[in-house]
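Please read the structure below before turning to the comments.
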There are 2 protein chains.
Amino acid sequence: MDEKQIMELENTRAQMRKGILEFCILLVISKGKIYASDILKKLEKTDLIVVEGTLYPLLSRLKNAGLLEYTWAESKSGPPRKYYKLTKKGKEAVKQLAITWNKFNKSINSLINKIDQ
Amino acid sequence: MDEKQIMELENTRAQMRKGILEFCILLVISKGKIYASDILKKLEKTDLIVVEGTLYPLLSRLKNAGLLEYTWAESKSGPPRKYYKLTKKGKEAVKQLAITWNKFNKSINSLINKIDQ
DNA sequence: CCTAGTACCTTGCATTACAAGGTAGGTTGT
DNA sequence: ACAACCTACCTTGTAATGCAAGGTACTAGG
């Protein structure tokens with residue numbers, strides 16, 4: 001596979017990653033209060049590389065949409081942290097997105113299965 | 001849920017859709033020669049709404065990346081059609097993307113399961 | 001008081017999905 | 001013959017957004 005094809009493959013992978021990013025961030029936050037840097041670490045563990053410049057604007061968007069809220073908390077080793085958690089409506093949104101995810105998953109699996117036939 | 005949250009939810013769904021778009025198009029083409037308008041119809045059946053303005057540039061990108069190739073064919077009812085099929089390297093890319101997809105799927109399921117606990 | 005570490009956020013760029021509009025070949029009705 | 005319509009290709013302009021890079025500010029340790 002030459003460079004161009006590898007690039008395209010990486011690009012498509014990146015697209016997939018982007019698509020599930022918001023969903024994954026909401027999932028991580030749904031597990032309990034957490035602040036930005038720790039969200040980054042959690043996502044790395046699940047093979048989802050995200051960087052600060054992506055995460056902060058995204059958290060703001062989700063907060064402005066009413067899905068998240070935050071409280072400030074002091075830290076023992078540095079500046080204060082914004083701890084995010086889901087609002088009631090955020091929790092509902094996560095449920096809806098999980099349903100959507102399953103639907104897409106079924107669509108893709110049906111396409112994959114048809115190849116194997 | 002008020003309008004803003006619904007919009008955000010729709011937006012996130014749209015992001016998911018975008019992320020798997022290229023993959024799904026490659027999957028559809030992997031099933032055999034097909035032309036653009038029929039790709040649109042197939043994708044609609046699997047809940048993936050795509051429009052012409054999205055599909056044509058995407059097919060060009062994938063062709064330029066060496067994943068697709070096409071042949072012209074006459075039609076009985078209209079202008080000639082471009083029938084696309086995967087190149088050898090396109091087939092390899094589809095396999096790789098299927099692996100990537102499964103990985104993301106596992107990541108998300110592990111996140112979802114942890115909520116339920 | 002300077003360096004290092006942590007944590008927040010913004011700016012500018014590139015990519016890309018989509019709405020809208022454009023070109024052109026074929027068929028049908030009059 | 002020609003108008004109206006359908007099919008099929010493609011392009012242009014806009015808006016959204018992920019990311020690299022850079023910026024601000026608080027704390028702790030020497």
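The shown structure was predicted, so the numbers you read here are calculated from the model rather than taken from an experiment. Here is the naming used below: chain letters follow the sequence lines, and residue numbers restart at 1 for every chain. Computed over heavy atoms, backbone and side chain alike; hydrogens, waters and symmetry mates excluded.
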(Q) Nearest whole Å is fine: how far is C:dA14 P from A:E8 CD? (A) 19 Å
Q. Only one of B:L62, B:I29, B:L67 forms a side chain to side chain contact (heavy atoms under 4.5 Å, CB included) with B:L86, so which one is it?
A. B:I29
Q. Which ones in residues 33-42 of chain A lie close to DNA chain C, meaning a heavy atom under 4.0 Å from one of its atoms?
A. A:Y35, A:A36, A:S37
Q) What about A:Y70 and A:Y83, are their ring centers closer than 6.0 Å? A) no
Q) Sub-3.5 Å donor-acceptor pair from the side chain of B:N64 to the main-chain atoms of B:S60, do we have one? A) yes
Q | Joint cluster assignment, A:W72 & A:I34, ILVMFWY side-chain distance < 4.5 Å | A | yes
**Q.** Rounded distance in Å - CE (A:M16) to P (C:dT16)
**A.** 14 Å
Q) In whole angstrom, what separates A:Y83's OH from C:dT6's C1'? A) 12 Å
Q) Can you tell me how far C1' of D:dC9 sits from CZ of B:R81, to the nearest Å? A) 12 Å
Q.
Does the protein touch nucleotides 16-30 of chain D at the base, only the backbone, or not at all? Give it as B, S and - per nucleotide, heavy atoms under 4.0 Å.
A. -SSBBB----BSS--
Q | Rounded distance (Å) that lies between atom P of D:dA8 and atom CG of B:L55 | A | 13 Å
Q: Provide, to the nearest angstrom, the distance between the CG atom belonging to B:L59 and the C1' atom belonging to D:dC9.
A: 11 Å
Q) Is the closest basic N to carboxylate O distance between A:R13 and A:E10 below 4.0 Å? A) yes
Q: May I ask whether B:I49 and B:Y56 are part of the same hydrophobic cluster, defined by side-chain heavy atoms of I, L, V, M, F, W, Y residues being less than 4.5 angstrom apart, directly or through others?
A: no
Q: Output, in order, the C-alpha distance, side-chain angles, deciding distance and verdict of salt bridge (Lys or Arg N to Asp or Glu O under 4.0 Å) for A:E74 and A:R81.
A: CA-CA 6 Å; A:E74 298 296 316; A:R81 300 164 175 171; over 6 Å; no
Q | Rounded distance (Å) that lies between atom P of C:dT23 and atom OH of B:Y56 | A | 16 Å
